[in-house]
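These values consider heavy atoms only, across backbone and side chains, with no hydrogens, waters or symmetry-generated copies.
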Amino acid sequence: MYVKQIYTGCLNEAAYFIESNGEAVVIDPMRDTSVYLQLAQEQNATIKYIFETHLHSHFVSGHLDLGKATGATIVYGPGTEARFKFHSATDGETLKVGAISFEVLHTPGHTIESTSYLLRDEQGNPHSLFSGDTLSIEDAANYDLSSQTFSKEELASMLYDSIQNKIIPLPDELIIYPAHISSLSTSGKPGEEISSTLGIQKKTNHALQIQSKEEFIKSVTENIQDPLPYYNKNVKINKEGYQNLDDVKQKGLSPLTLPDFKRKMTEGCIVLDTRTATEFTNEFIPGSIFIGLEGHFAEWAAMLLSFEEPIIFIAPKGKEEETVIRLARVGFENAEGYLKGGFEDWKEAGEKIDMIVDIEADELAMDLPFDEALMVLDVRKPIEFAEGHIKDAVNIPLGDMVDLAQLASIEENQNIYVHCAAGYRSVIAASLLKRQGYHNLRNVLGGYNKIVEEKSIVIEKDASLLN
């Protein structure tokens, strides 16, 4: 038996390839399926099944392209509705893969159709549980309940029953393999498998602690995460289908000459710049939006860009395909090409160039007492802001900046000092502000992590948001 976890850091998601005696199953595949086909070739195996733990909202799954490429049967849990052919598994059903088997455990709560897959080894003993988003590995469960039919309280009740009746009775030595990886469960070491045992999780994971159903529901619904705006879009795509990734790549990887690039700009295409934050602030095409590949690129693109408006882009040399693939992972099929010579072509042609001034935290510390027009714009999440922020700073989370009404409090004549936690989100925010005509901008390098080192900067907390 061979078990391989394929972790996609940009989206904090894990897919799995499991092989036995020449047969394989892929669980929760990402949209770019080449890695699974390569693994099948290396293991001299035929992919028999594609298991989906639920209809994903965080990303577009590769189930359709992988199914067409391999002939594998797509499997979803009970209650799944979709517009393509799939096997609707029943609770308790057993599916054989070589000398091992998978028991279908319907575990509703995260979604109605959420299903975990219990792998039994060659002797029929429980080996591991692929828990989807029903159970995450962290100090507390990653609550994200999604249904247009049931209330969050009803879903939380289902999740409690699923955990208590289906997961907790399993052996403590069982390996837990989740679909969603939280920052609390990652070590930052490339290639390191992210997993745990059920026994460890019973001691550390709040979702598995002994508590009443009422306490559990209260805890879940109080800490529930609001779904990101693009989640419904991704669920719809996963249910209804999508373009073949090769077709998306063919269109998105069209090399555009400078005249063609400029023509598409005049036609209303979004100009996306995926270089590093430092490269962007030094010089960029006026009106372009920065979302660098070095950060959570796909998630921020899905939150801030239109799925309908065509996109043309600037990318680091050799990163054009990566840009298109990572956009496609969250549902973008509207990339129409990239500037063939990159930003250097634009610059060498003598085209207009814009920039954003980068400053160190100590410069901000020196300016704060003397600049009456100075405004500190903190684009971190509200909880980050509550845990500590510069006195009198304005908090507009980056995800809210697509709503122009949120920017109404900013005066054009103010000197705006933008920061986030480390310096990635602030550059995205600065590019959005530039597009709206705000030009008195400073980007604080290193963000809040560096700001707190400056003893002269007054830091406040918002206790009301921390309770």
*Would a distance-only check, ignoring hydrogens and angles, find a side-chain to backbone donor-acceptor pair under 3.5 Å from T80 to Y76?*
no
*Apply the test ring-ring contact (aromatic ring centres under 6.0 Å, His included) to residues F216 and Y160: give CA-CA distance (whole Å), side-chain angles for both, the deciding distance (0.1 Å), then the verdict.*
CA-CA 7 Å; F216 181 85; Y160 178 85; 5.4 Å; yes
*Test T107 against S116 for side-chain hydrogen bond (donor to acceptor under 3.5 Å, both in side chains), laying out the working first.*
CA-CA 6 Å; T107 49; S116 302; 3.1 Å; yes
*Can you check ring-ring contact (aromatic ring centres under 6.0 Å, His included) on F130 and Y117, steps first, answer last?*
CA-CA 5 Å; F130 299 87; Y117 298 92; 8.1 Å; no
*Please tell me if the side chains of F343 and N282 come closer than 4.5 Å, counting only heavy atoms from C-beta onward.*
no
_Interatomic spacing from CD1 in I112 to CD in E81 - rounded to 0.5 Å_ = 10.5 Å
*Stepwise ring-ring contact (aromatic ring centres under 6.0 Å, His included) check, H63 with F86*: CA-CA 10 Å; H63 55 305; F86 67 96; 9.3 Å; no
_Residues K264 and E336 bridged, charged N to O under 4.0 Å_ = yes
*asked:* Run Y177 and Y16 through ring-ring contact (aromatic ring centres under 6.0 Å, His included) and show every step you take.
replied: CA-CA 9 Å; Y177 287 120; Y16 299 90; 5.2 Å; yes
*What closest approach, in Å, do L256 and G337 show between heavy atoms, and which atom pair accounts for it?*
CD1-C, 3.8 Å
*Donor-acceptor side-chain pairing of H206 and S219 below 3.5 angstrom*: yes
*Where does the angle between the aromatic ring planes of F17 and Y2 fall among parallel (under 30°), tilted (30 to 60°) and perpendicular (over 60°)?*
perpendicular
*asked:* Looking at T276, is its backbone amide N or carbonyl O close enough to the side chain of E279 to form a donor-acceptor pair, meaning the two atoms are under 3.5 Å apart?
replied: yes
_Regarding K434 and D354, does a basic nitrogen lie under 4.0 Å from an acidic carboxylate oxygen?_
yes
_Polar side-chain atom of S61 near backbone of P29 as donor-acceptor pair, under 3.5 Å_ = yes
*For the atom pair CD (Q201) and CD1 (I176), what is the distance rounded to the nearest 0.5 Å?*
7.0 Å
*Does any donor atom in the side chain of S131 or T134 lie under 3.5 Å from an acceptor atom in the other side chain?*
no
*Drop me the distance from K381's NZ to E387's CD, to the nearest 0.5 angstrom.*
11.0 Å
*Can a donor-acceptor pair be found between the side chains of T33 and D65 at a distance below 3.5 Å?*
no
*If you round to the nearest 0.5 Å, how far is CE of M375 from CD1 of I416?*
6.0 Å
*Side chain T197, main chain I200, donor-acceptor under 3.5 Å*: yes
*Should Y36 and T70 count as side-chain neighbours, where that means a heavy-atom distance under 4.5 Å?*
no
*Between H56 and D28, is any side-chain donor less than 3.5 angstrom from a side-chain acceptor?*
yes
*Of the options N334, V324, I325, which is the one that meets V248 in a side chain to side chain contact (heavy atoms under 4.5 Å, CB included)?*
V324
*State whether a side-chain donor-acceptor pair under 3.5 Å links T221 with E153.*
no
*So, Y417 versus D367: side-chain donor-acceptor pair below 3.5 Å or not?*
yes
*Can you tell me if N443 and T281 form a side-chain donor-acceptor pair at under 3.5 Å?*
no
_Using a strict threshold of under 4.0 Å (side-chain N to carboxylate O), is an ion pair present between E333 and R31?_
yes
*Could you tell me whether a side-chain N or O of Q5 sits under 3.5 Å from a main-chain N or O of I194, the two making a donor and an acceptor?*
yes
*asked:* Any salt bridge linking E13 with R329? Criterion: basic side-chain nitrogen under 4.0 Å from a carboxylate oxygen.
replied: no
*asked:* Any donor-acceptor pair under 3.5 Å linking the side-chain atoms of E454 with those of S456?
replied: no
_Quick test of your reading of the model: are R263 and D260 salt-bridged, counting only N-O distances below 4.0 Å?_
yes
*Hey, are E384 and R425 close enough for a salt bridge, meaning a charged N less than 4.0 Å from a carboxylate O?*
yes
*asked:* Any salt bridge linking E321 with K249? Criterion: basic side-chain nitrogen under 4.0 Å from a carboxylate oxygen.
replied: yes
*asked:* Salt bridge or not between E351 and K347? Use side-chain N to carboxylate O under 4.0 Å.
replied: no
*Side-chain touch E52/V75, heavy atoms, less than 4.5 angstrom*: no
_As an exercise, state the distance from CG of N234 to OG of S57, rounded to the nearest 0.5 Å._
7.0 Å
*Applying the side chain to side chain contact (heavy atoms under 4.5 Å, CB included) test to V271, which of F284, F261, F313 qualifies?*
F261
